[in-house]
Amino acid sequence: MSELQFAQSLSRLGTESAFVVLARAQQLAAQGKDIINLGIGQPDFRTPDHIVEAGIKALRDGHHGYTPANGLPVLREAVAADLHRRHGVEVNPDHIVVVPGGKPTMFFAVMMFGEPGAEIMYPNPGFPIYESVIRYSGATPVPIALREENSFAFSAEEVLAQITPRTRLIIINSPANPTGGVTPKAEIDKLVAGLMEHPHVALMSDEIYSNMLYGGREHVSLLQYPEIRDRLIMLDGWSKTYAMTGWRLGYAVWPEAAVPHVTRLCINDHSCVNAAAQFAGLAALTGPQDAVQDMVAQFDARRQVIVRELNTLPGVTCTDAAGAFYAFPNIAGTGLTSMEAQNKFLDEAGVATVAGTSFGKWGEGYLRFSYANSTANILEALRRIREIL
Ligand code: PLP
């Protein structure tokens, strides 16, 4: 019998419940159950062919070795050009650090600022990894409550009111997981103006869904505020926009002072992102964008279907999901808790969703539906849920 002594800190590390639901759904499917997966947050499309071909070509051309820890210079230049095209901003490619996906940036940002005694603010309900890694770092997580009556946008006034001398980092996310909420520009203006009074606070803006806004909305990037560039970490990546979740490719724009720290974290952690994925990412940014437009148009059509249909279920209401590919209906009227609804819908209807409480305590009474699935499957899933309710 071994007597392993794991580090205490591991007990503070959380998880992403969507992966737990995915495992359970796959287990049920393996038993022969017909499962419709509206649980996992990844595009149901294939990576566009020209991107795949660029990855294969890179391997054939012999790109088998290490690359610079912060990413290939040609890729970082392409990211800067893409940010100029999409957000109209100038970014120094030396401030861009390419990492394996969106998650490493949030992990490194929290490790850089988090320690016992520090406070870090994060959206709740929000992407569960924020709270998990804040706790892991030993810092105190301070939730930013996102409310349905505010269309799940954050309130700048509430964020600013929670700042203390111990606040090191504020995390925001728009368009948001799990709510689909988009924070309006006026609120972001207010936040940035208020932050001028608190020069000790850094900001991480998770903009991984920046290409997915609907109903004529336009993305507001925090990069568009030069007054906070020296303390902004802007996270984005290829996973959602180019249907590349499994390639593991993301990046962030960092404040100049943080670049040496994050580069050392990369060297200690993963050395560099695999070269073929970086060449695929280059093809994604420099090649035709029609596949992206096509995917977003399909998400928008499905969004309209799912929001309309959810609002016809007994005891369920759903706000207009403004971005990303999630609907976050209020299910309080069904009499079920979020976790009861998640389990009941999976076990009895074969429909995988994720309980709102998996995204923080402010998620009770809600359920996340990912509409990264076909319209036919979405309609069938809601038909089965209607029967149960
Ligand atoms: N940020 C948010 C808000 C997300 O929803 C996700 C993935 O679901 C990520 C970051 C992580 O993306 P990646 O798969 O590239 O690590």
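Residue numbers count from 1 along this sequence. Whatever order the structure lists them in is the order used to number ligands and atoms, beginning at 1. Quick caveat: nothing in here was measured; it's all calculated off a predicted structure.
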- Message: Counting neighbours of CD on E340 that are heavy atoms of other residues, nucleotides or ligands and sit closer than 6.0 Å, is the number greater than 12?
- Response: yes
- Query: Counting only heavy atoms not in R46, do more than 12 fall under 6.0 Å of its CZ?
  - Reply: no
- Do other residues, nucleotides or ligands put more than 12 heavy atoms under 6.0 Å from the CD atom of E256? no
- Task: Please check if the distance between the ring centroids of Y122 and F127 is under 6.0 Å.
- Result: no
- Query: Should the pair Y371 and Y214 be assigned to parallel (<30°), tilted (30 to 60°) or perpendicular (>60°) ring geometry?
  - Reply: tilted
- Message: Please output the residues near ligand 1 using a strict heavy-atom distance under 4.0 Å, listed in chain and residue-number order.
- Response: G101, G102, K103, M106, F127, Y130, N173, N177, D206, I208, Y209, S239, K240, R248
- Message: Could you tell me if Y225 and D189 have a donor-acceptor pair between their side chains, going purely by distance under 3.5 Å?
- Response: yes
